[in-house]
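Here's the structure, in structure tokens; my notes come after.
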Number of protein chains: 2
Amino acid sequence: MAAASDVARLAGVSQSAVSRAFTEGASISAKTRQRVMVAAEQLGYRPNQLARSLLKGRSNIVGVVLGNLQNPFFAEVLDALSQSLSAAGQRLLVFTTAANAEVDAQINDLLHYRVDALILMSTTLSSSLARQCQAAGIPVIFVNRTGQVKQCWSVTGDNEGGARQIARHLIEQGYQRLAFMAGFADSSTSCERQRGFCDELARLQQPAPQLVCGEFSREGAINAARQLLQQAVPPDGIFCANDHMALATLDVARHEFGLTPGKDIGVVGFDDIQAASWPAYQLTTFTQPIGPMVKRATECVLQGESRSGETSAVRQQLIAGELIRRNSTSRKPVATVATN
Amino acid sequence: MAAASDVARLAGVSQSAVSRAFTEGASISAKTRQRVMVAAEQLGYRPNQLARSLLKGRSNIVGVVLGNLQNPFFAEVLDALSQSLSAAGQRLLVFTTAANAEVDAQINDLLHYRVDALILMSTTLSSSLARQCQAAGIPVIFVNRTGQVKQCWSVTGDNEGGARQIARHLIEQGYQRLAFMAGFADSSTSCERQRGFCDELARLQQPAPQLVCGEFSREGAINAARQLLQQAVPPDGIFCANDHMALATLDVARHEFGLTPGKDIGVVGFDDIQAASWPAYQLTTFTQPIGPMVKRATECVLQGESRSGETSAVRQQLIAGELIRRNSTSRKPVATVATN
DNA sequence: TAGTCAATTGCATAGCTATGCAAAATTAAA
DNA sequence: TTTAATTTTGCATAGCTATGCAATTGACTA
């Protein structure tokens, strides 16, 4: 591929002129720029971003690591992130990983590319690597997960508050034998939701919920749901740590155990993914507003851009959500409409 | 961040030695390598991939452009692509775009990064840009879409063949007033499925199906389904150009019009996404096997890697699929099991 | 010990662009 | 037209690594 010097030769100018022709606001006359552009067009030249990045020390690339694209929530977030960061002139270098795996290898790889920032979703980071990122001045942003390391940014939903509201809601609706379906034991997300749920139940002087683990996956949730429902005295209310598992639980309850969601059993999720509002599910859930979360994550990325002396005290941002009541916890079914 | 020369100074060796220490199979003694590694560790050094890429002329980055991550099929493909290309030592630079938009701007941007290949899903490419990629020696691979441009690779499912089988299946099951819900008019995918469907119906001497457009989105499909079903004499069999739209159609049919899928109306999709097998839907569909498709796309990428004189005659690869019969087209419902 | 061969190392350069600085060209002012 | 003030241009260099080539070291043989 043609280089700037080739274009320069053809246009009869210096390589600097070519560079300036492609730089917004550089000191160059209209005439020269014009001549350069013609030559560039002719040779199919475009500036080599790699060389530019090498020189500037910024790649305009953000590394994104996520497990579990199966979960539509993450697909939605990725989509939004892509839009938002693209608008901010950043590209996304994406890695997917086996869910919840330690991803040091991939991240190490990303660091080789001198990414401007690192966004981690549903993923853990070793503290040694976190320190290295810190040292390299690369901001690390956890989305929907809290980093163990304090230097990292994080953007999460209101896990504990949401879980408390869900607990109250289930009790108010008259469900009595409750269960919590966890994701991963070492996920802050799952733990916080569990804590909020259990604490609030305790506060209401309700018995502690039965605990089971669905591993944030559909298969795991199906197994966990079966395990719960085939008991002699099964629970009549299940709070699943996310919508993805809640949908699976609804399917098992309805189609394997013949239960009517809402009436025979209450099921609640977390996230408010699109499918939660589909008439086939009508899942009660607590929202994690993707717009604000992504907006905040983008801010963190750009924050690191202008390395303005460690500003912004609050590194752990919590985005408020709200409880969406749907048929899956409604004793008397409401008319369903196919929305969205 | 520390550079190779810093490490060299600390280790008391030349910069070349540092480079060789990090290069597999380079000529360097174990002792020197050891010394370099210690110094590198101490300084937190890692080779700058940008410089390396600049020198080698290969970035080991593949550009991926996709519209419509809302469609779970693309999320699944992206996930698989990530795994597969990651194993081949390639990273993914991902762009999402408004569905079906011309994405010349983004692609132009990608080319600045000297990507090794370009994978386009659900996206069109202007022929001018295609020519530029060609000239730059960057292979362009369409996935689930055929390029208008002949130099490009493409990997698609058996759109026409699948659609033919679907036509036969619907007729065999006794559905009589058929409709086709298209995606976008200018999408090769949608067109081929439509053609196969119509041609086969004609061959069977059946009336031509009613046509409607769902724009490959849930909202579009909901509108299209309403349009179809609120007619005085609505169709009793609908083939939707993909599963994503078919699920929406099932929701509308069941919850807005009180129809029982399979019995009152047959609905068929295309792709066999995960949700198609969920007991809430049980959607009859034609598979697009993601494994083989991704494998093939990966081969095309690596093909371009060893630019071995324009081998491999066949650039347009068609991956066979199969018809999966489920309850959505079964006159007598089969027992449902929560699988997957 | 001298001589041969292989393994290892350093030097110098290429790969491409942005930018500070000084030189040149252009414009404005007198 | 001459001088001053601007604008535009080119030169040279930095940014970081990989690699061909020559020089050096080390091991081994006679």
Side-chain angles (χ1 to χ4, degrees), chain A residues 1-37 39-40 43-61 89 108-116 136-138, chain B residues 1-37 39-40 43-61 89 109 111-116 136-138:
Chain A
M1 184 173 282
S5 57
D6 301 323
V7 177
R9 199 173 316 119
L10 180 59
V13 297
S14 73
Q15 179 264 319
S16 318
V18 176
S19 169
R20 291 191 174 105
F22 282 91
T23 305
E24 200 69 24
S27 168
I28 187 172
S29 70
K31 195 170 52 178
T32 309
R33 168 169 277 151
Q34 177 63 19
R35 205 143 43 121
V36 168
M37 289 309 189
L43 295 177
Y45 168 79
R46 60 193 86 228
N48 188 329
Q49 188 62 238
L50 296 173
R52 185 176 270 182
S53 300
L54 177 59
L55 197 54
K56 294 224 167 190
R58 327 200 73 252
S59 59
N60 290 322
I61 294 178
N108 205 27
D109 209 73
L110 279 175
L111 293 181
H112 284 272
Y113 278 95
R114 297 297 190 269
V115 292
D116 290 354
I138 298 176
Chain B
M1 183 172 283
S5 56
D6 302 322
V7 177
R9 199 172 317 117
L10 180 61
V13 298
S14 72
Q15 180 266 318
S16 318
V18 176
S19 170
R20 290 190 175 108
F22 282 91
T23 305
E24 200 69 26
S27 167
I28 187 171
S29 70
K31 196 170 50 177
T32 308
R33 168 169 274 153
Q34 177 64 17
R35 206 142 42 123
V36 168
M37 288 310 187
L43 295 177
Y45 167 78
R46 62 193 85 228
N48 188 328
Q49 186 64 235
L50 296 173
R52 185 177 273 184
S53 299
L54 177 57
L55 197 55
K56 293 221 168 193
R58 327 200 73 249
S59 59
N60 289 323
I61 293 178
D109 208 73
L111 293 182
H112 285 271
Y113 278 95
R114 297 297 192 268
V115 292
D116 290 355
I138 297 176

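A note on names: the letters A, B, ... follow the listed sequences, proteins ahead of strands, and every chain is numbered from 1. As the structure is a prediction and not an experimental result, all values here were calculated from the model.
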Could you tell me whether the side chain of [X] and the main chain of [Y] form a donor-acceptor pair under 3.5 Å?
| X | Y | result |
| --- | --- | --- |
| A:Arg33 | A:Ala21 | yes |
| A:Ser14 | A:Ala17 | yes |
| A:His112 | B:Arg46 | no |

Legend entry - Residue mapping more 5' on DNA chain C - nearest nucleotide basis, A:Ala51 or B:Gly12: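 Comparing both residues, the 5'-ward one is B:Gly12.
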Legend entry - Of A:Ala2 and B:Thr32, the one whose closest DNA chain C nucleotide lies more 5':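 The residue whose closest nucleotide sits nearer the 5' end is B:Thr32.
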Quiz question: going by heavy-atom distance under 3.5 Å, is there a donor-acceptor pair between the base of [N] and the side chain of [X]?
| X | N | result |
| --- | --- | --- |
| A:Arg114 | D:dG15 | no |
| B:Ser16 | D:dT19 | yes |
| B:Arg20 | D:dG20 | yes |

Whole-Å gap separating [atom2] ([N]) and [atom1] ([X]):
| X | N | atom1 | atom2 | value |
| --- | --- | --- | --- | --- |
| A:Arg46 | C:dT17 | CZ | P | 12 Å |
| B:Asn48 | D:dA14 | CG | P | 18 Å |
| B:Lys31 | D:dT25 | NZ | P | 13 Å |
| B:His112 | C:dT17 | NE2 | C1' | 13 Å |
| A:Arg52 | C:dG15 | CZ | C1' | 16 Å |
| A:Leu50 | D:dT17 | CG | P | 14 Å |
| A:Arg58 | C:dT19 | CZ | P | 13 Å |
| B:Leu55 | C:dA14 | CG | C1' | 7 Å |

OP1 or OP2 of [N] under 4.0 Å from side-chain N/O of [X]:
| X | N | value |
| --- | --- | --- |
| A:Tyr45 | C:dT17 | yes |
| B:Lys56 | D:dT19 | yes |
| A:Ser19 | C:dA18 | yes |

Minimum heavy-atom separation for [X] to [Y], with atom names?
| X | Y | answer |
| --- | --- | --- |
| B:Arg114 | A:Met1 | CZ-SD, 3.2 Å |
| A:Leu54 | B:Leu50 | N-CD1, 4.3 Å |
| A:Ala39 | A:Ala11 | CB-CB, 3.8 Å |
| A:Ala4 | A:Val18 | O-CG2, 3.7 Å |
| B:Ala40 | B:Val7 | N-CG1, 3.8 Å |
| A:Arg52 | A:Phe22 | NH2-O, 3.9 Å |

Inset, instruction - Using a 4.0 Å heavy-atom cut-off across all strands, classify A:Val13 as base, sugar-phosphate, or nothing. - result: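 Touches sugar-phosphate only.
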Inset, instruction - Give, ordered by number, those residues of residues 21-29 of chain A having at least one heavy-atom distance below 4.0 Å to an atom of DNA chain D; if nothing qualifies, reply none. - result: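 Hits under 4.0 Å, by residue number: A:Ser27, A:Ile28, A:Ser29.
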Legend entry - Global bending angle along the helix from C:dT1-D:dA30 to C:dA30-D:dT1, which compares the axes of five pairs at either end, to 10 degrees: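 Overall, the helix from C:dT1-D:dA30 to C:dA30-D:dT1 bends by 40° from one end axis to the other.
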Inset, instruction - Could you verify whether a donor N or O on one side chain and an acceptor N or O on the other, from B:Ser29 and B:Thr32, lie under 3.5 Å apart? - result: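 On atom types as modelled, these side chains qualify, holding a pair under 3.5 Å.
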